[in-house]
Each structure stands twice: as C-alpha cells, then as structure tokens.
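Naming: A, B, ... by sequence-line order, numbering from 1 per chain. Keep in mind it's a predicted model, so treat the numbers as computed, not measured.
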Amino acid sequence: MAESINRTELAAFRAYVEDHRDDVLELVLRGAPSLRHFTRFAGVTGELVLEWADVSDIVKPWAAPFEAAADLVTRRPVRIKSYFQKAEMQFTPKLDFATYKGKQVSTKMDARDYPFARWAMEKMAQKVKTQLEFQQLFTGDYDATPENAGEMYNGLLTTIADDQAAGTPVLTPVATGVLAASTIIAQIEQVEDAINEQYRSEDMKMLVSPTIFKMYRRAYRAATGFHPEYADVDAMDEIMLDGTTTTLCSCPGMGSSQRIICTPSSNVYYAYDDPTDDAVFEMEQDHRNLDVWCDFWGGVGFLIFDPRIVYINDQA
Amino acid sequence: MSDTKKTTPATEAEELKSLVLEQADRIAALESKIAASSGKAATAEPEPLKTPTTKFKVGSKSYQFTVPKFILPERGAVTAEAALKDKVILEHLVSIKSGIIKEA
C-alpha cells in the first residue's frame with residue numbers, strides 16, 4: 001500500500017521550500033454549490049420508499065344519487081436511493097519531520113497531529129464535495145461494476161437522457177433547438193412558458209450549465225442595457241426570470257450540457273445518511289503510517305418524475 | 001265506445017320486436033352511464049405514446065423523431081405523428097437543430 005502523498009516534484013526544492021515556507025499553496029476546490037437546489041433526505045442507507053398521490057378531477061354537475069368514482073386518488077411509489085461510497089488516504093507523517101511543518105512539533109507527537117496530514121484531511125472533505133458536483137449530481141452514469149465516483153448512480157442529466165431514449169419517454173421536451181446567444185432569452189422563456197399553471201404552486205428552479213447561464217445574462221444585458229434581476233444579492237448565480245417566480249440557476253456540475261431542467265427544488269433529492277459522514281474522517285495509526293478514511297452514503301434523483309412537474313428542453 | 005284495434009299475429013310480432021330493440025338500447029345507455037360514473041373509464045391508464053419510426057425528408061436529408069410527443073413554443077403539445085403531417089413544423093425543427101429529431 002502506497003503512501004498518498006507524492007513528493008516527487010518537490011524533491012529538487014525541498015531543502016529550501018520545506019525548510020523555510022510555512023504555508024501550502026493550493027488549488028481552490030469548488031465544492032458542491034448545486035447541492036443547495038436539492039432537497040436533502042437524511043438517514044437514507046440504501047433505499048427509502050415514499051409515495052406520491054395524484055388526485056383526478058372530481059367536480060361534476062349535481063345529482064341526487066351518490067356516485068363517487070373509483071380510483072380517484074392514484075398512489076405511486078417513490079424510491080429514494082443512496083449508494084455506499086468511501087474516500088481514503090494514507091500518510092507517513094514522519095517523512096515530513098525534517099520540514100517546516102515537522103519543526104513545529106516534537107518527535108513524540110501523535111502522527112494525527114501533524115499539520116500537513118491535517119491540511120490534507122481538510123482537502124479531502126472539499127474534494128469529496130467537488131466530485132459530488134462534477135461527477136455525480138448531474139453527469140453520474142450508473143455502472144453495475146463501478147470503478148469511480150461517476151459510475152455509482154445516475155445523475156439528473158443521465159436520468160433525463162435515458163428517459164428520452166426510451167422510446168416511450170415520460171417527459172415531454174420543449175423544442176427550443178440549439179441554445180445560442182442570439183436566441184437564448186426567448187429559448188429560456190419558452191421552457192418557462194411550458195409550465196402547466198395548475199402545478200405552479202411553488203417557485204420553480206431552472207437548472208442550467210454556467211455557460212448557458214452566462215449566455216442568458218449577457219444576452220439580457222445586450223438587449224435591455226441593464227443586468228437581469230438577481231434572485232438574491234448573495235447568490236449571483238441565480239436570476240429571476242421576468243414576470244415569473246422561476247429562478248435560473250447556474251450549476252457547475254452540468255458541464256457543457258445544453259439541457260435545461262425546470263422543476264421545484266422540492267422535487268430533486270439528495271439522499272445521504274448523516275451530513276458529517278463525508279466530512280468527518282476516521283483515523284487509525286498503523287506503525288508510522290496514518291490511515292484516514294470516510295465511508296458515506298449518497299444519491300440523487302427526481303421525486304416525482306412526471307411531465308407536469310419536470311420540464312426539459314430538447315438538447316442534451 | 002271502445003276503440004278496438006284490429007291486430008294480426010304479424011303486426012303483433014313487429015311491435016314486440018321494436019319494443020325489445022328499444023329496451024336493449026335503453027339498457028346499453030344505462031350500462032355505459034354506470035361505467036362512466038364508477039370512474040373506470042376516467043382512470044384507465046392511457047397507453048404510452050410510442051415514437052414513430054416513419055422517416056421524413058427536409059431538403060436532401062432524411063430524419064426521424066426520437067420522441068413521441070413534444071412541446072412546440074406558442075403552439076403547445078404536439079405528437080410526432082401529427083407533426084409528420086405538417087411540413088411547416090418539420091422544416092422548423094430541422095432549422096433550429098432540434099434534439100427531438102435525428103438524421104435517419
């Protein structure tokens with residue numbers, strides 16, 4: 001089993017850098033910003049079965065006989081699934097003993113107290129969330145024998161693509177055509193216009209990639225001479241669509257997709273067991289090594305997969 | 001003075017036949033009313049639409065639909081079967097590079 005820190009490139013400058021610098025530069029990880037658009041279901045280890053009920057029209061002209069119809073309320077199961085995952089690293093903290101970090105501690109200090117190992121653990125937590133955003137939430141593609149984060153379960157984009165390729169799809173796409181800067185404002189509004197007013201009982205979220213989000217924003221600015229209205233000044237990646245309660249949301253995990261997904265936040269779930277499972281690590285000292293790991297559950301999906309509550313466009 | 005009608009076996013049979021037919025119609029009407037009020041007809045799951053395999057040509061290229069139904073902005077829901085009969089829609093879908101059609 002190999003140690004998880006690769007020092008190869010550092011070797012040439014080690015004598016100077018590690019002896020004299022007291023901070024570590026890093027690439028800032030994005031985390032999972034799109035997760036705030038999902039409804040969280042805690043305590044899901046495997047499958048949680050709920051149900052949703054659909055009520056048919058019941059109003060009819062008055063007549064004396066009592067004629068209540070059968071099957072007016074249709075109940076269907078909703079399966080919320082989460083999948084068991086892990087993240088692990090192994091450090092040999094004493095390899096860092098002669099370095100700047102090593103100088104901060106005594107030789108008898110517990111391996112898990114070594115600053116560099118602790119720094120690496122903080123990075124692990126951010127990396128787990130970043131992989132969730134960029135490899136799972138939207139683009140995850142289930143494989144029966146998964147080998148990486150992106151193969152454990154289907155993300156939202158994959159779920160929709162599979163439905164549209166099914167031959168008898170559930171969702172009805174809006175024919176917007178290819179999204180382009182010259183037409184993007186109308187195309188975004190076309191999807192919004194498709195929402196059935198009977199089911200517009202709460203704020204809808206329109207999830208798009210950052211590219212599409214910026215395309216809309218810039219086209220709006222060019223067309224009107226001012227910026228569109230933000231849903232919240234603290235959320236610069238959300239825009240209120242004119243005359244509606246629908247919010248256009250930039251989701252980094254959607255990558256280069258041209259898909260528009262419009263549904264309430266309450267209809268997309270993120271299932272997990274405990275929120276600290278992927279952020280608080282277990283540690284075990286194995287002689288000079290420190291094993292660090294976390295085991296956690298996670299999964300996403302639509303709660304009610306129905307064309308009355310999930311709207312999409314015709315682009316992949 | 002009694003109004004006596006002269007009947008023959010043949011006319012009696014005709015009258016009976018028309019009565020039986022009338023009753024059969026009434027029974028059928030009542031049965032359909034009962035079926036409607038029981039909700040069976042209203043709640044029957046509709047057959048899922050299937051994507052048509054029929055190809056269509058716009059310009060020099062052939063296309064076919066990838067979904068059985070779609071929403072056309074400012075027009076509403078349109079089935080692929082109906083769109084196949086509407087040249088304007090087909091040309092529009094090709095011009096916007098819609099993802100609901102593919103080259104065949």
Participant: For A:Thr172 and B:Lys69, which heavy atoms make the closest approach, and how far apart are they?
Facilitator: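 In this case the closest contact between A:Thr172 and B:Lys69 is CG2-O, 3.6 Å.
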
Participant: Does CD1 in A:Ile58 sit with more than 12 non-hydrogen atoms of other residues, nucleotides or ligands closer than 6.0 Å?
Facilitator: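 Count not over threshold, so no.
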
Participant: Against chain A, label B:Ile100 side chain, backbone, both or neither, depending on which of its atoms sit under 4.5 Å from a heavy atom there.
Facilitator: both

Participant: Under 6.0 Å from the CD atom of B:Glu91, do we count more than 12 heavy atoms belonging to anything else shown?
Facilitator: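 Check passes, neighbour count above 12.
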
Participant: For the residue pair B:Pro73 and A:Thr176, establish whether any side-chain heavy-atom pair is separated by less than 4.5 Å.
Facilitator: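 They are not in contact (no side-chain heavy atoms under 4.5 Å apart), so the answer is no.
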
Participant: Does atom CG of A:Asp57 have more than 12 heavy-atom neighbours, drawn from other residues, nucleotides or ligands, at distances under 6.0 Å?
Facilitator: no

Participant: Among A:Pro173, A:Ala194, A:Ala165, A:Ala186, which residue has the highest count of heavy-atom pairs closer than 4.5 Å to chain B?
Facilitator: A:Pro173

Participant: Give the minimum heavy-atom separation between B:Lys97 and A:Gln315, together with the two atoms involved.
Facilitator: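 The answer is O-NE2, 3.3 Å.
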
Participant: Less than 4.5 Å to any heavy atom of chain B: does that hold for the side chain of A:Thr183, its backbone, both, or neither?
Facilitator: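 Neither part.
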
Participant: To the closest 0.5 Å, what do you measure between CD1 (B:Ile96) and CG (A:Asp314)?
Facilitator: 5.5 Å

Participant: Give a yes or no on whether B:Glu74 atom CD has more than 12 heavy-atom contacts from other residues, nucleotides or ligands under 6.0 Å away.
Facilitator: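 Atom CD in B:Glu74 is not packed in, count stays at 12 or less.
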
Participant: For the pair B:Thr51 (side chain) and A:Gly167 (backbone), establish whether a donor and an acceptor sit closer than 3.5 Å, ignoring hydrogens and angles.
Facilitator: yes

